[in-house]
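Taking it in order: structure first as C-alpha cells, then the write-up.
Worth knowing before you read on, the calculation uses all heavy atoms, side chains too, and leaves out hydrogens, waters and symmetry mates. In this chain, numbering begins with 1 at the start of the sequence shown.
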Amino acid sequence: MSEAMENVTGNAVKAEETKAEKFVRLGEYRINKAMDAIGRIENLANRSAYDYTPEQVETMFSVLESKVAEVKAKFTAVKVKESTAFSFGNKAE
C-alpha cells in the first residue's frame with residue numbers, strides 16, 4: 001500500500017473512532033511518552049556525572065508530584081452548579 005493510501009486509511013479510521021477509543025489511543029501514547037521522559041530523569045542520579053543537593057532533588061520531585069496531582073484532579077473534579085438566587089445568608093427577624 002502506498003504512503004498516500006495509508007494516510008487516507010489512517011485518517012478514515014481516526015474519523016470513525018469513538019471518544020472512548022480516542023481516549024485509549026492517546027492515553028496509551030501520552031503515558032508511554034511521559035514514562036520514558038520520567039525514566040530519563042533517573043540518569044541524573046549518576047553521581048559520577050552530576051553533582052546535586054538533596055534540596056534540588058526534593059524540588060524536582062515536588063514539582064512532578066504537584067503536576068501529577070493537578071492533572072489527576074482534572075479527572076475527578078465535579079463542577080458545582082452555582083446558585084443564581086441572591087441571599088444575605090440569614091433570615092430577617
Practice item. Please list all pairs passing the salt bridge (Lys or Arg N to Asp or Glu O under 4.0 Å) test where one or both residues lie in residues 55-68, with sequence neighbours left out. Key: Lys67-Glu70

Review point. For Met35, what are the other residues in its hydrophobic cluster, where any two members join if their side-chain heavy atoms are less than 4.5 angstrom apart?
Key: Ile31

Revision key, fill the gap. Closest non-hydrogen contact found for Phe61 with Ile41 is CZ-CG2, 4.5 Å

Practice item. Mind checking side-chain hydrogen bond (donor to acceptor under 3.5 Å, both in side chains) for Ser48 and listing every partner two or more places apart, or none if nothing turns up? Key: Asn46

Practice item. Write out all pairs satisfying side chain to side chain donor-acceptor pair (under 3.5 Å) with one or both partners inside residues 23-38, taking only residues at least two apart or from two chains. Key: Glu17-Arg25

Check your understanding: Is Ile38 linked to Val71 within one hydrophobic cluster, defined over Ile, Leu, Val, Met, Phe, Trp and Tyr using a side-chain heavy-atom separation of less than 4.5 Å?
Key -> no

Point to revise | Partners meeting ring-ring contact (aromatic ring centres under 6.0 Å, His included) with Tyr50 (sequence neighbours left out) | key: none

Study note, to complete from the structure: With sequence neighbours left out, the residues meeting salt bridge (Lys or Arg N to Asp or Glu O under 4.0 Å) with Arg47 are Asp51

Check your understanding: Leu44 and Tyr52: side-chain contact (heavy atoms from CB on, under 4.5 Å), yes or no, with the steps?
Key -> CA-CA 9 Å; Leu44 295 172; Tyr52 51 87; 5.8 Å; no

